Structures are given as structure tokens and as C-alpha cells.
**Q** 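Right, I'll just put the structure down here and ask away after.
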2 protein chains.
Amino acid sequence: MSVIHSPFARKLGAFVALSNKEQSALDRLHGRRKVFPAGVDMVHQGQTDQAAYILASGWVCSYKILADGTRQIVDFQIPGDFLGLRSVLFRTSDHNIEPVTKVEASEVLVRDLLETFNETPRLATAVLWAASRDEAMVVEHLVSIGRRDAKERTAHFLLELGARLKLVGLGSTSGYACPLSQYLLADTLGLSAVHVNRVLRELREDGLVTFQHGQVEIHDLDGLVALAEFDKTYLDHDGPLLK
Amino acid sequence: MSVIHSPFARKLGAFVALSNKEQSALDRLHGRRKVFPAGVDMVHQGQTDQAAYILASGWVCSYKILADGTRQIVDFQIPGDFLGLRSVLFRTSDHNIEPVTKVEASEVLVRDLLETFNETPRLATAVLWAASRDEAMVVEHLVSIGRRDAKERTAHFLLELGARLKLVGLGSTSGYACPLSQYLLADTLGLSAVHVNRVLRELREDGLVTFQHGQVEIHDLDGLVALAEFDKTYLDHDGPLLK
DNA sequence: GACGCCCGTTGATCGGGATCAGTGCGCCAG
DNA sequence: CTGGCGCACTGATCCCGATCAACGGGCGTC
């Protein structure tokens, strides 16, 4: 088993044990690289692009802005995540997508993707698993916003991020780098920035987690998990889910 | 162009103009019928069934229950909707699914579904369109709960339901039958049942919409659309979206 | 160095919606 | 006929989180 190169391959590798051939097939997918500066729309409402992207580095969020100017962030994409896959395959996109940091991304043509799947069918399974996990995340997010209070929501979100980052080797169960401002956090969690600040202070005072200087430090994992009803297996598992 | 039989065919027909051959291929999908009484789990957390269902009649909801007993309903399925497609194809299911009314459903084996797609590839497109619409709905729901107040949320939801029911011929822009209790509504919108009641009263007093005796009557469509920032084209279009 | 701007931070106040408590009605089982 | 139950409905009160207002620090620009 060789070294896994790209974040994308690392992510899929968390679901299916990849052979060398499959890994190189994945790496071939990372064709033309594009760089996006922070704050520029990558995909906007209704646009149906011909290309999707795989993030190589940086963070991206997809959001919707309402008439009164309020913004709701639906989810974030981190290195290894597909971007625009839904809008390409399923042509669904009623919200904007833009980087929150400088982003490097591999342009992926759907044709190439499908060809890769034909060569190594198990990759298709892995991609579907990964996609399903991302979608389950949106559902969890909905449940969070609908039925959890501010503290629980925040804890859940920070754990969720940690779990995803760990998958691609960008963090551990004790902490990770996180470039999100408290304003972004607020629009994600359906709260005001002021209140996010207070909640973060409370979590810090409770000795659960700190979020300062772009760094999340998890001090009491079990406490956080209990507070957020988070499924700890997301954080704990180490090898691929399918042998 | 013959008569469209099943709710499923009607729904797909709203996206793609179907030939006679394609319609009969769809009707062949409606294999073994199953009947589920109200209130019984059809699919529960984590279960990965071999079969999906197409609803022939009745209403179903998928939800998640938190440790403190509160429930968040993620979405509803109505006649013509796929049920468990995600959990079958993508194996995603971290929430329960159960009927809120007595439900008749056609069991669909994935094998049959894929074969049908091979015969008539345009059907695959239609299914993906329909699936993407359902998924966009979940995202809209998230935005609603995160950033709209109780009145706007309720208006949005009632319009959303109306649009979907109209697709399968079960309602019009002036009203539709709706078997949901105010408790179900509350758990859907992330509100308390008490407050849902008050909101419904306000909407009635505003002359916008009434929701009584299992019947939704839309009295001021434009007012509702404005309140909810709802995309009116969902309600207005009549023919298929793709010729 | 001075200014502006973004972001984090804190206090004071307000309000939307939750919660508690209770009524009434239709329906079904006994 | 009667008790029980689920659901619609209403009033009173409470509280979580929004809003308003203000301050400070880092950083880029002129």
C-alpha cells in the first residue's frame, strides 16, 4: 500500500481500502488546477457549470442570501471535498458557493469522472459513500438548527468539522486549524455574531473547547460529545470503513 | 400522448416529456404493493434495506429524535415520491421514516430501477432531476429554519407543499388536502405546537391562508409568496421543464 | 503617524417564541 | 352514557438569543 497523495484520495480511502491502481486513477483525476482568491463566487445561484472541482487546499462555503440581507450558510467544503458535484450531476444549485480562504482546486470534468468509475467500479462506491456522508451532514445541520440550543449547536458543529478534517489528515481529536470568523460561524449556526461570541466564551469557561486565533483546541472530548449528541465513532475510527 | 397513470409518472412527467414507452416502463416499476398503517416505522435509523418504495398514496415523514425527546422532521414524502432511495443507493440514513397516514407503496428493487434506466436513459435524467429537487427542498428547509421567523417559515412550507402536490395532481394553487397535525407542523418548522397555532391564526387573520379540518386554502397567493420569498415559478409552470 | 476597517468582545435592553397551565371538542372504547 | 385521549385553541409568564451601542486591537493604506 503506497502513500496516499491527494486529500480526495485520503477521504475516499477512509471509506474503502484503495489499491495502488485505484489511487493512481484518483490522482489522474486531479487534472487542471485552478486558484480562487478568497471572497469570489465560484458558482452562483442557478448556474449550471460543466465542471466540478475537487478542493486541494482552502475552505469554501455554500450559502443563500435572503431579501433582508441575512445569510444562511448551508455547509463548508474542505480539502478533499467535491464542489459542484450536485450542480453538475443533478443540476441543483439555488445557492452561492465561494471561498472563505484562498483556494486551490482541481477542475474535474464529469466525463473523466465517469470514465474513472468504469475502470475501477469500487471508486464509484467510495464516491457515493462520501457524497452520502456529506448529505447526511446537511440533515444533521438541519436538526441542529431546528432543535438544539446555541451551545449544543456550536459544539456539534465544531466536532463535525474536526471529524471531517481528521479524515483528510488536517486535524486530530485534540484540535485543528479553522479559518472561520465568528461572523461565518454565526451565519452557519443561525445565530448572531454577538451570541456566538458569548457561546464560545461559555464553552471555554466550561473547559470544553477553545476557538481562538484560527485554532480549535478540544479539551474535553467526551463533554463535547455528550453536549452535542455527536456520534463519537466519526472521530474514533481509523482504518477504512469497508475492507 | 396517453393518460399518465401513477403519481410517480406524473411527477417525472413534470420534468421530462414522457413517451408512451417511457410511461409504461415507469408503470412496470410499480411492482409489488405494500400497505403501511399510520405510525409504524418503515425504515429506521441505520437500517439499510434492499428495497426502496414509491408512494402510491398517503403521506410519510422522515425525522430524527434527540435524547431529550424532541423531534425534528426533515421532510415529508407524498404520492409519487421515492422513499429510501438515498438509503438504498447511498446508504445514508441516520433518521427514521414512518407514515403519518395510512400509506400504499410500491416496492422497487434497485435492480429493476437500473434496468429501467438502461432501457430508457432519459428516465434516469428525470429521476435525477426529481431527486435534486427533493434535495434542494431540504436545503431550503434549512435556510428557512435558520433565518426566517415563524410566520415566514410557515408560509414557505405551506407553499412548498402546495407546489409538490400540484406536480402530482393532488392540489392547485388555491388549496389542497393536508393531513398534518399542528404537532407535526411544529416539529417540522422547529417551533412549538402552541406557537404554530398562533401563527396559523395570524395568517388566517391576515387573509393569506387557512389551515383547518385537514384542508389548506390559499387566499392570497402573492401575499404568501412575498412573505416567504418563495419562487413562484414552482407554482406557475404547467408543462414539463424539459421538452 | 493617522486614519479606516474588520474582527473580537462586552454590557444593556428588547422581543419572539418556549413553556406552563388550562379549556373545550370530537371520537372511540368500555 | 361515560371516561379517556388526542388535538385545537388561548392566556400568562419566562427566557434564550437578537439587537443596539460601544470599545479595543491588529492590519493595511495613504
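Just so it is clear, the model here is predicted, and its values are computed rather than measured. The chains referred to below are lettered A, B, ... by the order of the sequence lines, with proteins before strands, and numbering in each begins at 1.
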**Q** Applying a 4.0 Å non-hydrogen cut-off, can you work out what A:V199 is touching in the nucleic acid: base, sugar-phosphate, or nothing?
**A**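 Answer is nothing: A:V199 stays at 4.0 Å or more from every strand.
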**Q** Quick check: closest heavy atoms across A:L203 and A:K151, and the distance to 0.1 Å?
**A** CD2-CG, 3.9 Å
**Q** Grab the two heavy atoms, one from B:V138 and one from A:V138, that are nearest each other, plus how far apart they are.
**A**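 Taking every non-hydrogen atom into account, CG1-CG1, 4.4 Å.
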**Q** Select one nucleotide: of C:dG11, D:dG11, C:dC7, the one nearest the side-chain heavy atoms of A:V194.
**A**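 Taking heavy atoms from C-beta onward, the closest nucleotide is C:dG11.
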**Q** To the nearest angstrom, how far is A:D187 atom CG from C:dC7 atom P?
**A**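 A:D187 atom CG is separated from C:dC7 atom P by 11 Å.
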**Q** Under 4.0 Å from OP1 or OP2 of C:dT9: is there any side-chain N or O of A:R198 that close?
**A** no
**Q** Give the rounded distance in Å between these two atoms: CZ of B:R147 and P of C:dG16.
**A** 16 Å
**Q** Out of D:dA8, C:dG8, C:dT10, which nucleotide sits closest to the side chain of B:Q182?
**A**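 Nearest nucleotide to the side chain: D:dA8.
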**Q** Identify whether any heavy atom of B:G190 sits under 4.0 Å from a base atom; if not, whether one sits that close to sugar-phosphate; answer base, sugar-phosphate or nothing.
**A**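 Here B:G190 touches the backbone only, sparing every base.
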**Q** What is the distance from CZ of B:R148 to P of D:dG17, rounded to the nearest Å?
**A** 21 Å
**Q** Just compare C:dG17, D:dG17, C:dT10 and give me whichever is closest to any side-chain atom of A:H195.
**A**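 That would be D:dG17.
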**Q** Using OP1 and OP2 only, check whether a side-chain N or O of A:N197 sits under 4.0 Å from C:dG8.
**A** no
**Q** Rounded to whole Å, please give me the gap between CZ in B:R201 and P in C:dG17.
**A** 14 Å
**Q** Over how many whole Å does the gap from B:E202 atom CD to D:dT10 atom P extend?
**A** 11 Å
**Q** Taking atom P of D:dC16 as reference, at what distance in whole Å does atom CD of A:E152 sit?
**A** 12 Å
**Q** Base, sugar-phosphate, or nothing: which does B:L200 touch, judged by heavy atoms less than 4.0 Å apart?
**A** nothing
**Q** Compare the minimum distances between each of C:dT9, D:dA18, D:dT10 and the side chain of A:R204, then state the nucleotide with the smallest one.
**A** C:dT9
**Q** Angle between ring planes, A:F157 versus A:H141, binned at 30° and 60°: parallel, tilted or perpendicular?
**A**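 Tilted, since the angle between the ring planes falls between 30° and 60°.
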**Q** Any side-chain N or O of B:Q212 below 4.0 angstrom from OP1/OP2 of D:dA8?
**A**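 Looking at the OP1 and OP2 atoms of D:dA8, neither is under 4.0 Å from any side-chain N or O of B:Q212.
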**Q** Between P on C:dC7 and NE2 on A:H213, what's the gap in Å once rounded to a whole number?
**A** 16 Å
**Q** Of all the heavy-atom pairs spanning A:T70 and A:D68, show the shortest one and how long it is.
**A**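 Closest approach of A:T70 to A:D68: OG1-OD1, 2.8 Å.
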**Q** Once you measure the plane-to-plane angle for B:F36 and B:Y53, does it fall in the parallel (<30°), tilted (30-60°) or perpendicular (>60°) bin?
**A** perpendicular
**Q** If you check every side-chain atom of B:S181, which of D:dA21, D:dA18, D:dA8 has the closest atom?
**A**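 So the nucleotide nearest the side chain must be D:dA8.
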**Q** When you match A:F211 and B:A193 each to their closest nucleotide on DNA chain C, which lands nearer the 5' end?
**A**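 Result of the comparison: A:F211.
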**Q** Can you tell me the distance, in whole Å, between the CG atom of B:L185 and the C1' atom of C:dA18?
**A** 17 Å
